[in-house]
Amino acid sequence: MSVPKVLILRAPGINRDRDAALACQLAGGAPERIHINRLATGAVRLADYAMLVIPGGFSYGDHLGAGKLLAVDLIHRLGEPLQRFIADGRPVIGICNGFQVLVKAGVLPGLHPPSTDPAVAPRVTLTDNESARFECRWVRLAPVAGSRCRFLEGIERPIETPVAHGEGRLTVDHPATLETLRARGLVALRYVGEDGAPAGYPANPNGSLDAIAGICNPQGNVLGLMPHPENAVLPQQHPRWSREPPRAEGDGLIIFRNAVRYAAAL
Amino acid sequence: MPQFLVTVAPREPDARGEIVHLLYLLAGPALEDGAVAYLTTALLHDPVVQTARWTRLDRASLAAEAPPEAAWVLEIAYRPGVTDNEGEMVLEGARRLEVPSLTLARALRRHLLPPRSDPAARAAELAIDLVQTTFTYAPGTRLDERLAFYTLLATTPEEGRPIVATAPLREADDAALLRISREGVLALDLDEMRAIQAYFAALGRDPTDGELETLAQTWSEHCSHKSFKARVLYRSLAEPDADLPDATLYPMLHRLARGQVEIDSLIRTFLMSATHEVLARRHGNASTDPAPPADEWVLSAFVDNAGIIAFDQEHEVSFKVETHNHPSALEPFGGANTGVGGVIRDVLGVSAEPIANTDVLCFGIPDTPVAELLPGVLHPARVASGVVAGVRDYGNKLGIPTVNGAVLFDPGYTANPLVYCGTVGIAPRGLHPRNVSPGDAIVLLGGRTGRDGIHGATFSSIELTHQTAVTVGSAVQIGDPITEKKLLDVLLQARDARLYSAITDCGAGGLSSAVGEMGAACGASVELTRVPRKYAGLQPWEVWLSEAQERMVLAVPPANLEAFLALCSSEDVEASVIGEFTDDGHLRVTNAGAPVVNLSMEFLHHGRPQRVLEALWQPEPQAPTSTPDATPPPAEALLRLLAHPNIASKERIVRTYDHEVRGATVIKPFVGVALDGPGDAAVLQPLPHRPAGLALGCGINPRYGRVDPYWMALAAVDEALRNVVAVGGDPQRTAILDNFCWGDPRLPDRMAGLVRAAAGCYDAAVAFGTPFISGKDSLNNEYRDAEGNRVAIPPTLLISALAHVPDVTRCVTMDLKAPGDLLYLVGATRPELLGSHFAAIAGADLPAGAGLPRVDLAAAPRTFAALHRAITAGLVRACHDLSEGGLAVAAAEMVIAGQLGLDLRLDDVAADILTALFSETPSRFLVEVRPEDADAFEAALDGVTLVRLGTVTLEPTLLIRAAGASVLALDAGALRARWNSGLDGMDL
């Protein structure tokens, strides 16, 4: 099987690009960290990659709402190649700020094609945490049964990863939108408590609707999530490794391994 | 110019139940309705959670607006000239959306106030007058004034005629020299002014404003550390110390005990010489030392922007800690924000990639009554929340984990809060160039230059109006983390491609000190019109002196210039060639060809006369020790200690810092079952495929400094080392940093304390074998109270430790691990309650004979070495150092973190129970050991005072007995509740 090339997108203020690259490398991919300007000028072609990760950070300072300006940038400068990449079924993972970018760009949940047409109003967003604070803490994530997401295979029990964000509360324009997300299998991951059931704060660190931590597109090849599986790939990254039985690897690695395997199989 | 106002309103009130509108003031000569409508929809609001509308800014349109439902409307904006990152991003977004007609954007906040609110009081609470301006109105009223307010915000300065003035120095007498210094905010004393006068008299001309300013900056306390390099005449009026310890271990204490001593430079005598002595001793026994020979380990001490040590054969790590105290007192968010940004650039200045931040914050008491505050002093709670937000904002946005620190509260910091910011960096060895050559281009990289920070905080006494903002700009700066992140990204690529020959950050003194330092050995020539400006109207000397943030200066060889500029341009980082390095030994600055500065580098860097300072040590009589009738019973004392803000959990603060980014934080700030126990030190594993790590710790205890700064210094070094040793750091491969925050060194009592603290640094560093690799001082932390009395902050020394960890998988945390394990106390306990936190909660009532905590420099290094061996051998399951609050607090924290109990007997700790429980004798640890490892552990600690205290129990209760009776019994829930309550009521 070939080693899939993974494009890790860099942009002003993106800062977990190295972390994402490490995760992709450990998962068997060949990551390259590429600045958005190089894609925009045509120096590098998105189509030459098998997988795309939009990492965490504070793109453009998150000043006009988290991820907003990079979303505008992405759609304006790279809208068409990105659409083709997704339509080809290649895997895309947006983590934290990358998730915010994908949502604000309209790529997720992907109920209609991304657009800058004001008439097409977004129906899902990520906004200020219920606590109104940036918080960094470890959470448990459970895959949602029946989700279309292609990267959750083999997750038998809740996985532990950190979150680090101030605007991660998923909310919708209308209760019917939540029903649509559920009915179409677009809810991928939920925050759960120690018992594995969806739980309130701080297990759900931001007050997300329905404890939603991650969603996917109808094709299942685009996943966005607020938590950081890329910071949970090595045993010593776990916060209780010094008191628990040794782990072979971090819980979050499985998501990248699934995505890389999926990319390799395309 | 047409102006528009976009109003973005949340659909729901925020977490505090308030409605806050985001307002965007948009303008442009050709800006039209359609463009504003498009930007409003496509860029400025999120329709799922917000509504938006826009209006043209004219009287009729404002009158036609539906007034918001509120009794009062309060609008807040940054003053013109102050960095408005949000406004800049609106412009950036408009460029992306191809709306070039937008040329000006400003962001405002609109608070809707309910009936019976006091708008003036609310404005004072919400806005920092120095950088922000407010406008209040009842809905639908004051239309003309509102329009004028918006027009004012949209005003941009105009280009003026550049003026280079000269100061009539040659003809000045002493009084005139001092007046010129005072009126120019030069902070130069008479000797220094006379030296400058003589220099220019010999040249036969008077200095320009730019030359005087350049000299004042280069010779400032901040840049030249003139008090730390002064000749000091130290006298002591103290009674001879009856139990002066061994002269071979405490040589500097003995030197000061002579009563009258002359010291030529504190920095050389006590700090650099300590490093020299440590390295000499390491070399002396290099054959038995497993660490690399000394000079292979300490790669740079006191020379570069940051200290550098070897990490492994291929990598080096750097560490720098800075302070940003005065700016944080005036504008807590911006002060702390730019403090973090500044120290990150120090690490970039040694070509390293920042991998961790530390921060130590000292504030006034959070519940200080407002009526007790002096005019112009912000409330400590507000300072604290602003500073914490500023630290969070910059570190999180740069993707640098904030992993270690401390927060202290003391009434002495009310008017002068302290903000220590540290950054650790890593770099491949040998890639940091330091070879400026004549002909290399001087390249200014990063942010644009404005009036930011000219003369630092001295503008704080000037009332700023919109006119002041336009004409003198802002003394206080707002950071722009994303510009710094972009800078960081290109610099590391430029380093790897070896494109530059030298680099430094543009900090205090701006270009004048950055270029002056880089070109010190050769010469430099700069043309100021090539410096990109934020706005028009800057005078040449302002451009030269500006401390605008997020800038670095590089020397780039001509052959690399094109590649370097192309790299910067590819990531939208502004780079400008502003001059070149020369070989004439002069600093020459021109503006459109007209001379602004022409100074010899020799005079600039070596012309300052050495200061002479007097130091008089006259200690207060020690606090009376009396019988503890009024002291609370042990259980009550422990609960009160746990809730003391200095000891209580800082989790509410720490959780708002990203400590996970980069994925290298393998021992996190909070540990244990529920991740709520206070880790002693953070551990990083900077290279994911190698087991070696770095432990970061800090020591600070100003309460001891009030009694004797000498012993405070020893305690601070000891605490920083305890922190790193407790998690598995190697005490024989630990480098330390000193950061002194003090009062006015020209006052002999303050200077005497400084001498004693520096002397303590020497004795501690040499005894422990831990070299200082970097240090910094922030002096003049004083204020004048209502009666005109000068009050200094408590003498405050921060010691930061950076320790090598051989294998991070051997690290231990402080949470109790398993019932049935044994708990040991490592280290001797003495009745040392003076200056302790127990003394703070109990008043002055202390057991007879209580003294200040004193580090035993014979025993402590042995203790640390032995414990490190035991940890490395895997004999330790949990380890926690004893600090504020002593044994009882440490044991309680282990119970909280491990959700297990302890059953302890203290009979063998000390005869007096308060000493056993609460003494703050340094160099001690609580250690959990498996019963089967007990013999091996005791053997490993042979020769170290060791007391087996009891066992770990399943029942999560802290049970302490002595003399056959129960002293206290408290369950984990009660302990945790109090420990988590210490910052209640603070808006953090």
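Just so it is clear: chains get the letters A, B, ... in the order the sequence lines come, proteins before strands, and each one is counted from 1.
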Pick whichever of [options] has the most heavy-atom pairs under 4.5 Å with chain B.
options: A:Thr127, A:Leu26, A:Thr41, A:Asp73; result: A:Asp73
options: A:Asn97, A:Asn15, A:Val163; result: A:Asn15
options: A:Ala23, A:Ala71, A:Pro239; result: A:Pro239
options: A:Arg77, A:Arg240, A:Arg16, A:Arg137; result: A:Arg16
options: A:Arg10, A:Glu230, A:Arg38, A:His238; result: A:Arg10

Best-contacting candidate, [options], against chain A by heavy atom pairs under 4.5 angstrom:
options: B:Arg11, B:Lys485, B:Met89; value: B:Met89
options: B:Val573, B:Leu488, B:Val49, B:Ile400; value: B:Val49
options: B:Thr809, B:Leu44, B:Asp14; value: B:Thr809
options: B:Leu22, B:Val808, B:Val671, B:Asp393; value: B:Val808
options: B:Asn396, B:Thr483, B:Val683; value: B:Asn396
options: B:Thr656, B:Val8, B:Asp572, B:Asp489; value: B:Thr656

For the [atom1] atom of [X] and the [atom2] atom of [Y], what is their distance to the nearest 0.5 Å?
X: A:Cys136; Y: B:Arg392; atom1: SG; atom2: CZ; result: 12.5 Å
X: A:Asp19; Y: A:Asn231; atom1: CG; atom2: CG; result: 4.5 Å
X: B:Ile667; Y: B:Cys811; atom1: CD1; atom2: SG; result: 5.0 Å
X: A:His228; Y: B:Glu660; atom1: NE2; atom2: CD; result: 9.0 Å
X: A:Ile215; Y: A:Ser208; atom1: CD1; atom2: OG; result: 9.5 Å
X: A:Phe99; Y: A:Leu170; atom1: CZ; atom2: CG; result: 5.5 Å

Under a 4.0 Å threshold between the charged nitrogen and the carboxylate oxygen, would [Y] count as salt-bridged to [X]?
X: A:Glu244; Y: B:Lys817; result: no
X: A:Asp128; Y: A:Arg133; result: no
X: A:Arg33; Y: A:Asp17; result: yes

Which atoms of [X] come close to chain B, meaning under 4.5 Å heavy atom to heavy atom: side chain ones, backbone ones, both, or neither?
X: A:Val233; value: neither
X: A:Arg18; value: side chain
X: A:Glu130; value: backbone

Is [X] in contact with chain A via its backbone, its side chain, both, or neither, using a 4.5 Å heavy-atom distance?
X: B:Leu43; result: both
X: B:Tyr24; result: side chain
X: B:Leu398; result: backbone
X: B:Gln50; result: neither
X: B:Ser570; result: backbone
X: B:Arg95; result: neither
X: B:Asp815; result: both
X: B:Lys668; result: side chain
X: B:Leu487; result: neither
X: B:Asp46; result: side chain
X: B:Val90; result: both
X: B:His45; result: backbone
X: B:Glu353; result: side chain
X: B:Gln685; result: side chain

Residue of the set B:Glu92, B:Arg96, B:Glu88 for which side-chain hydrogen bond (donor to acceptor under 3.5 Å, both in side chains) holds with A:Tyr60: B:Arg96

Side-chain donor or acceptor of A:Asn129 paired with backbone N/O of A:Asn206 under 3.5 Å: no

Under 3.5 Å: donor-acceptor pair, side chain of B:Thr665, backbone of B:His659: yes

Note, A:Leu102 side chain near A:Ile54 side chain (heavy atom, < 4.5 Å): yes

CA sep, side-chain torsions, deciding dist, call: B:Val48, A:Val124, side chain to side chain contact (heavy atoms under 4.5 Å, CB included): CA-CA 7 Å; B:Val48 180; A:Val124 175; 6.0 Å; no

Derivation and outcome, side chain to side chain contact (heavy atoms under 4.5 Å, CB included), residues A:Thr180 and A:Val172: CA-CA 11 Å; A:Thr180 307; A:Val172 295; over 6 Å; no

Stepwise side chain to side chain contact (heavy atoms under 4.5 Å, CB included) test for B:Asn357 and B:Val403: CA-CA 6 Å; B:Asn357 281 346; B:Val403 298; over 6 Å; no

